[in-house]
Amino acid sequence: MTYLDYTDRDFYLAIKQLLLGTGRKVELGRDNYLCQAGDITTTLGILVSGTLKYSITATNGRERIISFAFTGDLVGNYSCMRNHAPSMLDIVATESSIIYQLPVEQIDAAIGLEHRMKLSEALCYQLLKSTVNDYCQSPEERYLALNERFPDIHNRMTNRTIASYLGITPESLSRLRKRLLTRQP
């Protein structure tokens, strides 16, 4: 799934062009934070290279990856931004990444209220769809969808990172990959 699955292409391209044309370039090294849990953020960006992970620290102290952002995705903690609330998530680069971002107020002024609502609705739908998939799809189905969207994921992320996203152990991921490889013609 990409952002384009939740809105029309022209709208996405307009937001993308706005961010690339007037946004501030932010370069993150591997394991650098775009946002930490507890921060109040005010910017939305577009990821032009690299990969980000959205994660939380569970009560047992372990990291749980909620989502990834890949090249072309809009990035930030939009709902917290809109509510002036602290982020519940860490947003961290899993590899060197480049983002162009703007303060949300500047985006609002450029796109107007109707498009602001369209952006909010698309991002809300994306979050809902992801949550439903977490509950209704097996780790194998989620892995196949992730691999379809990001075919070289194993060259750019550790098994531990992928397993955390799937909610399984790295050993279970290895068994899953092996089982899928033996099924292929």
Side-chain angles (χ1 to χ4, degrees), residues 1-9 12 15-16 28 30-37 41 44-81 87-99 119-185:
M1 286 179 284
T2 69
Y3 180 75
L4 287 174
D5 294 328
Y6 309 107
T7 192
D8 66 78
R9 185 167 184 77
Y12 168 80
I15 294 289
K16 178 180 177 180
L28 297 175
R30 180 186 168 115
D31 296 328
N32 289 144
Y33 287 81
L34 178 65
C35 171
Q36 286 186 285
T41 62
L44 183 67
I46 188 159
L47 184 61
V48 296
S49 69
T51 308
L52 302 177
K53 65 180 176 181
Y54 289 69
S55 64
I56 60 170
T57 302
T59 54
N60 64 4
R62 290 191 173 185
E63 176 186 60
R64 174 66 203 263
I65 297 173
I66 306 300
S67 184
F68 293 110
F70 303 115
T71 299
D73 285 345
L74 297 176
V75 295
N77 202 328
Y78 192 76
S79 60
C80 290
M81 191 182 314
S87 176
M88 295 176 276
L89 303 169
D90 292 322
I91 306 173
V92 183
T94 61
E95 60 187 346
S96 293
S97 300
I98 298 174
I99 301 154
L119 177 61
S120 296
E121 290 167 357
L123 292 170
C124 182
Y125 181 76
Q126 183 179 14
L127 176 62
L128 177 61
K129 179 100 170 135
S130 176
T131 302
V132 168
N133 288 345
D134 286 351
Y135 282 98
C136 297
Q137 291 182 330
S138 69
E140 180 176 326
E141 290 169 320
R142 292 177 59 226
Y143 172 77
L144 290 170
L146 179 64
N147 200 52
E148 182 179 324
R149 175 145 187 247
F150 194 51
D152 66 340
I153 194 164
H154 284 283
N155 298 325
R156 296 170 63 182
M157 287 187 201
T158 66
N159 276 354
R160 181 177 171 211
T161 299
I162 298 166
S164 173
Y165 169 72
L166 297 173
I168 60 177
T169 65
E171 295 78 17
S172 295
L173 176 60
S174 293
R175 287 191 297 275
L176 171 65
R177 289 183 66 212
K178 184 177 180 179
R179 187 172 63 249
L180 291 172
L181 286 173
T182 58
R183 273 199 245 166
Q184 292 182 346

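Since we're looking at a predicted model, the values are computed, not measured.
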How long is the gap from [atom1] on [X] to [atom2] on [Y], to the nearest 0.5 Å?
X      : Y     : atom1 : atom2 : result
Ile91  : Ser67 : CD1   : OG    : 9.5 Å
Phe68  : Asp73 : CZ    : CG    : 12.0 Å
Ile98  : Ile46 : CD1   : CD1   : 13.0 Å
Thr161 : Ile65 : OG1   : CD1   : 4.5 Å

What is the minimum heavy-atom distance between [X] and [Y], and which atoms define it?
X     : Y     : value
Cys35 : Thr41 : SG-CG2, 3.3 Å
Thr51 : Glu95 : OG1-OE2, 2.7 Å
Gly76 : Tyr54 : N-OH, 3.1 Å
Arg62 : Asn60 : N-OD1, 2.9 Å
Ser97 : Leu47 : CB-CD1, 3.9 Å
Val75 : Leu44 : O-CD1, 3.4 Å

>> Whether Arg142 engages the ring of Tyr165 as a cation-pi pair (distance to the six-membered ring centre under 6.0 angstrom, angle to the ring normal within 45°) should be assessed.
In response: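 Flagged: Arg142 positioned over aromatic ring of Tyr165.
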> Does CZ in Arg64 sit with more than 12 non-hydrogen atoms of other residues, nucleotides or ligands closer than 6.0 Å?
Replying inline: yes
> Excluding sequence neighbours, so at least two apart, what forms ring-ring contact (aromatic ring centres under 6.0 Å, His included) with Phe150?
Replying inline: Phe70
> Considering residues at least two apart in sequence or located in another chain, which fulfil the side chain to side chain donor-acceptor pair (under 3.5 Å) criterion with Glu63?
Replying inline: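 Glu63: side chain to side chain donor-acceptor pair (under 3.5 Å) contacts with Lys53, Ser55.
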> Does any donor atom in the side chain of Asn77 or Ser87 lie under 3.5 Å from an acceptor atom in the other side chain?
Replying inline: yes
Contact between [X] and [Y] at the side-chain level, heavy atoms closer than 4.5 Å - yes or no?
X      : Y      : value
Leu144 : Glu141 : no
Asn159 : Glu171 : no
Ile168 : Tyr143 : no

> Which is it for Leu89 and Ile66 under the side-chain contact (heavy atoms from CB on, under 4.5 Å) test, yes or no, and what are the steps along the way?
Replying inline: CA-CA 9 Å; Leu89 303 169; Ile66 306 300; 3.9 Å; yes
>> Please determine whether side-chain contact (heavy atoms from CB on, under 4.5 Å) holds for the pair Ile99 and Leu52, giving the CA-CA distance in whole Å, both sets of side-chain angles, and the decisive distance to 0.1 Å.
In response: CA-CA 10 Å; Ile99 301 154; Leu52 302 177; 4.0 Å; yes
> By salt bridge (Lys or Arg N to Asp or Glu O under 4.0 Å), which residues pair with Asp152, not counting sequence neighbours?
Replying inline: Arg156
> Arg175 and Ser172: side-chain hydrogen bond (donor to acceptor under 3.5 Å, both in side chains), yes or no, with the steps?
Replying inline: CA-CA 5 Å; Arg175 287 191 297 275; Ser172 295; 3.1 Å; yes
> Between Arg177 and Asn147, does a side-chain contact (heavy atoms from CB on, under 4.5 Å) hold up when you go through it step by step?
Replying inline: CA-CA 11 Å; Arg177 289 183 66 212; Asn147 200 52; over 6 Å; no
